[in-house]
Amino acid sequence: MGKYLNGNEIKFGRLGRTVTEKFETIYDQVVHSYRKELIKSVEAVYSNFFIVAGYNLIAFEDRYNLNRNKFIKIFTKFWQKYDASEIGFDFLKDEIEIFDIIKTWDRLTEASFDLTPSNPSSREDYRPVDNMIRKASAKRAKLKFENKNDTLSKENSIIQQSMSMATDGYGEFKLKGLKGSIVQNFNSISKITTKEISSVDDLKAVLGQIYQEVIKIVKGKQNNE
């Protein structure tokens, strides 16, 4: 496409799959009831996507019959056919919304993290955690913290650093705490950064919208470094 962002080429692609069979809900007029029936099909579906290799960033459409899990599975299989290097996916999260939620908790009693080392240009606020993982030569790091009698520190701590790292696209985390006497549970996967775009299947319009979202994400990451 010839589009660049800070010297990094933005590549466009389209990943598709064919659905050969699927279940549909059928109304049986004889028994006046509904049932599931396996239907043979040649339905095709695809997802448009952008890759910004310089930022290890990929943005794609989460579509019906090609949701994020199926997209990752197909893309990984395609990647491994042509490249021996490992590839993994972690999602960007809405960091501001997550921290606003956690601030309302009275106590944070458990926090577990599954983190991957970041790009070399990591943010200063989580650099200590990132460096710890790198110095261990680890591809993934699993951290768990507990304090059921009091509360874990939510600010200026390794927990906050790990949360920031995960929301920036380098892992996942789960939290447990209390709001009053009510137990609170939080899974970071619930706050994946998404953006609803035009439902009209017009390539030019869709690509324009995805491209603008990619620019916002990259600029947001730069501002946080």
Side-chain angles (χ1 to χ4, degrees), residues 51-60 62 67-69 71-73 75-76 79-80 85-194 217-225:
I51 295 178
V52 190
Y55 292 93
N56 286 347
L57 178 68
I58 181 170
F60 62 89
D62 191 343
N67 60 27
R68 64 177 69 113
N69 292 327
F71 181 94
I72 289 173
K73 183 178 180 180
F75 189 92
T76 301
W79 176 277
Q80 292 172 341
S85 61
E86 293 186 15
I87 185 172
F89 292 84
D90 286 302
F91 293 98
L92 292 170
K93 324 296 187 309
D94 191 327
E95 184 171 0
I96 295 177
E97 185 175 354
I98 289 174
F99 277 96
D100 283 345
I101 291 172
I102 305 307
K103 285 178 183 177
T104 66
W105 294 11
D106 299 309
R107 291 169 56 191
L108 176 62
T109 57
E110 295 181 28
S112 57
F113 300 89
D114 184 358
L115 304 173
T116 61
S118 77
N119 297 329
S121 58
S122 64
R123 282 164 43 177
E124 188 66 32
D125 59 342
Y126 60 70
R127 193 180 298 276
V129 178
D130 192 24
N131 286 341
M132 178 183 69
I133 299 173
R134 290 178 179 280
K135 289 178 180 179
S137 298
K139 293 183 177 180
R140 296 198 78 91
K142 296 182 183 294
L143 309 174
K144 186 171 183 178
F145 305 90
E146 293 185 1
N147 187 344
K148 296 183 179 180
N149 297 322
D150 192 4
T151 183
L152 296 169
S153 176
K154 293 184 283 186
E155 297 182 3
N156 301 318
S157 68
I158 189 173
I159 293 174
Q160 183 179 24
Q161 294 167 6
S162 299
M163 288 172 61
S164 293
M165 189 170 176
T167 58
D168 201 32
Y170 300 107
E172 301 294 342
F173 63 89
K174 295 180 180 180
L175 306 175
K176 186 174 182 179
L178 289 171
K179 189 174 181 179
S181 60
I182 308 295
V183 176
Q184 305 291 314
N185 289 283
F186 181 84
N187 190 331
S188 63
I189 200 72
S190 66
K191 294 299 177 182
I192 291 176
T193 300
T194 59
I217 291 171
V218 171
K219 288 185 176 179
K221 289 170 72 67
Q222 289 175 330
N223 292 335
N224 286 322
E225 289 178 358

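Quick note: residue numbers are just sequence positions, from 1. Heavy-atom basis, side chains included; hydrogens, waters and symmetry copies ignored.
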*In Å and rounded to the nearest 0.5 Å, what is the CZ to CD1 distance from F91 to I58?*
9.5 Å
*Spacing of NZ belonging to K179 relative to CD1 belonging to I101, to within rounding of 0.5 Å*: 9.0 Å
_A side-chain contact here means heavy atoms from C-beta on lying under 4.5 Å apart; do P128 and Q161 qualify?_
yes
*asked:* Could you report the tightest heavy-atom contact between S162 and L143, atom names first, then the distance?
replied: OG-CD1, 4.0 Å
_Just so I know, are the side chains of T109 and N147 near enough to count as touching, which here means a heavy-atom distance under 4.5 Å?_
no
*Of the non-hydrogen atoms in P117 and K139, which two are nearest, and what is the gap between them?*
CD-O, 3.3 Å
_Spatial distance of atom CD1 (I87) from atom OG1 (T76) [nearest 0.5 Å]_ = 5.5 Å
*From F145 CZ over to L152 CG, what is the distance, rounded to the nearest 0.5 angstrom?*
8.5 Å
*When rounded to the nearest 0.5 angstrom, what is the spacing between NZ in K103 and CD1 in I98?*
12.5 Å
*Please report the C-alpha distance between Y170 and T116 in whole Å, then the side-chain angles of each, then the deciding distance to 0.1 Å, and finally whether the side-chain contact (heavy atoms from CB on, under 4.5 Å) criterion is met.*
CA-CA 5 Å; Y170 300 107; T116 61; 3.8 Å; yes
*Are S118 and R134 close enough, and set up right, to give a side-chain contact (heavy atoms from CB on, under 4.5 Å), and what steps lead you there?*
CA-CA 9 Å; S118 77; R134 290 178 179 280; 3.7 Å; yes
*Any Y126 side-chain heavy atom under 4.5 Å of D168 side chain*: yes
*Are I189 and F173 close enough, and set up right, to give a side-chain contact (heavy atoms from CB on, under 4.5 Å), and what steps lead you there?*
CA-CA 8 Å; I189 200 72; F173 63 89; over 6 Å; no
_Nearest-0.5 Å distance that lies between atom CZ in R127 and atom CE in M165_ = 11.0 Å
*So, are D114 and R140 salt-bridged, with charged N and O less than 4.0 Å apart?*
yes
*Check L175 against A111 and note the closest heavy-atom contact, atom names and distance.*
CD2-CB, 3.6 Å
_Between the side chains of K144 and E146, is the shortest nitrogen-to-carboxylate-oxygen separation below 4.0 Å, so that they form an ion pair?_
yes
*Does atom NZ of K176 have more than 12 heavy-atom neighbours, drawn from other residues, nucleotides or ligands, at distances under 6.0 Å?*
no
*Is the shortest heavy-atom distance from the side chain of Q184 to the side chain of I182 under 4.5 Å?*
yes
*Not counting sequence neighbours, which residues clear ring-ring contact (aromatic ring centres under 6.0 Å, His included) with F89? List them please.*
F75
*How would you list, by chain and number, every residue that makes a side chain to side chain donor-acceptor pair (under 3.5 Å) with K191, sequence neighbours excluded?*
E97
_M163 side chain near I102 side chain, heavy-atom distance below 4.5 Å_ = yes
*Give a yes or no on whether the backbone of D150 and the side-chain of R107 come within a donor-acceptor separation of less than 3.5 Å.*
yes
*asked:* Regarding E172 and K93, does a basic nitrogen lie under 4.0 Å from an acidic carboxylate oxygen?
replied: yes
_Where T151 and D106 come nearest, the two heavy atoms and their spacing_ = OG1-O, 4.5 Å
_S164 side chain near F99 side chain, heavy-atom distance below 4.5 Å_ = yes
*Apply the test side-chain contact (heavy atoms from CB on, under 4.5 Å) to residues L178 and V183: give CA-CA distance (whole Å), side-chain angles for both, the deciding distance (0.1 Å), then the verdict.*
CA-CA 5 Å; L178 289 171; V183 176; 3.8 Å; yes
*N187 (side chain) donor-acceptor with K174 (main chain) under 3.5 angstrom*: no
*Only one of I192, T167, T193 clears side-chain contact (heavy atoms from CB on, under 4.5 Å) with L92; which?*
T193
_Could you check whether D62 pairs with R68 (Lys NZ or Arg NE/NH1/NH2 to Asp/Glu carboxylate O, under 4.0 Å)?_
yes
_A side-chain contact here means heavy atoms from C-beta on lying under 4.5 Å apart; do I159 and F113 qualify?_
yes
